[in-house]
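Note sheet for the following structure.
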Amino acid sequence: MCLHITIETPELDHKLNESFDIEIGSNQRLKILMQTILAQVQNFELRKLVQKEKMYIYIEGKEPVARKSKSLAEMGVKDGDNLIVTTEMKLPFDEISDDEEPFATDGNGGLMFPP
């Protein structure tokens, strides 16, 4: 499947942002996705940042998915999807009440690259 990847670094005023397309099998795991993305990153500084920082992956226009998923297909990634790779954790705020904990403790804020 073909995926469009956008890497965002909000804390760096977007100067390192990159976008590109990758080809990857739907049965691949997150670790292979990370390696494929790293191989495409042109800016050396951005590549180092992606390797050492916690990075989250979001499917553009969809709710964040749990990291418990085993393959890209199980995560709901489909051919032609736009994936956002960012250092910023984005939580869905639709269903959080005032008395609930605002942060998910089981990793449901998105897919996280291992540091």
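Values below: every heavy atom of this structure, side chains too, minus hydrogens, waters and symmetry copies.
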- Answer whether the closest heavy-atom distance between the side chains of L33 and L83 falls below 4.5 Å. yes

- Measure across Y58 and T86 and return the closest heavy-atom pair with its distance rounded to 0.1 Å. CE1-CG2, 3.7 Å

- Query: Measuring from I84:CD1 to E60:CD, what's the distance to the nearest 0.5 Å?
  - Reply: 4.5 Å

- Message: Please enumerate all residues that pass side-chain hydrogen bond (donor to acceptor under 3.5 Å, both in side chains) together with S19, with sequence neighbours excluded.
- Response: T6

- Excluding sequence neighbours, so at least two apart, what forms side chain to side chain contact (heavy atoms under 4.5 Å, CB included) with E23? C2

- When rounded to the nearest 0.5 angstrom, what is the spacing between CD1 in I7 and CD1 in I57? 9.5 Å

- By salt bridge (charged side-chain N to carboxylate O under 4.0 Å, His left out) - contacts of K62 (at least two apart): D81

- Here the pair of heavy atoms bringing D21 nearest to H4 is OD1-ND1, 2.7 Å

- Out of curiosity, E18 CD to E8 CD, how far, rounded to the nearest 0.5 Å? 12.5 Å

- Task: Check whether any side-chain N or O of E74 sits under 3.5 Å from a backbone N or O of S71 as a donor-acceptor pair, and report yes or no.
- Result: yes

- Distance from I5 atom CD1 to N82 atom CG, nearest 0.5 Å? 8.5 Å

- Supply the atom-to-atom distance Q35 CD to I24 CD1, rounded to the nearest 0.5 angstrom. 9.0 Å

Return all side-chain donor-acceptor pairs below 3.5 angstrom for residues 36-44, not counting sequence neighbours, or 'none' if the list is empty.
{"unit_1": "T36", "atom_1": "OG1", "unit_2": "I32", "atom_2": "O", "d": "2.8"}
{"unit_1": "Q42", "atom_1": "NE2", "unit_2": "Q40", "atom_2": "O", "d": "3.3"}
{"unit_1": "N43", "atom_1": "OD1", "unit_2": "E45", "atom_2": "N", "d": "2.8"}
{"unit_1": "N43", "atom_1": "OD1", "unit_2": "L46", "atom_2": "N", "d": "2.9"}

- Considering residues at least two apart in sequence or located in another chain, which fulfil the side-chain hydrogen bond (donor to acceptor under 3.5 Å, both in side chains) criterion with N27? none

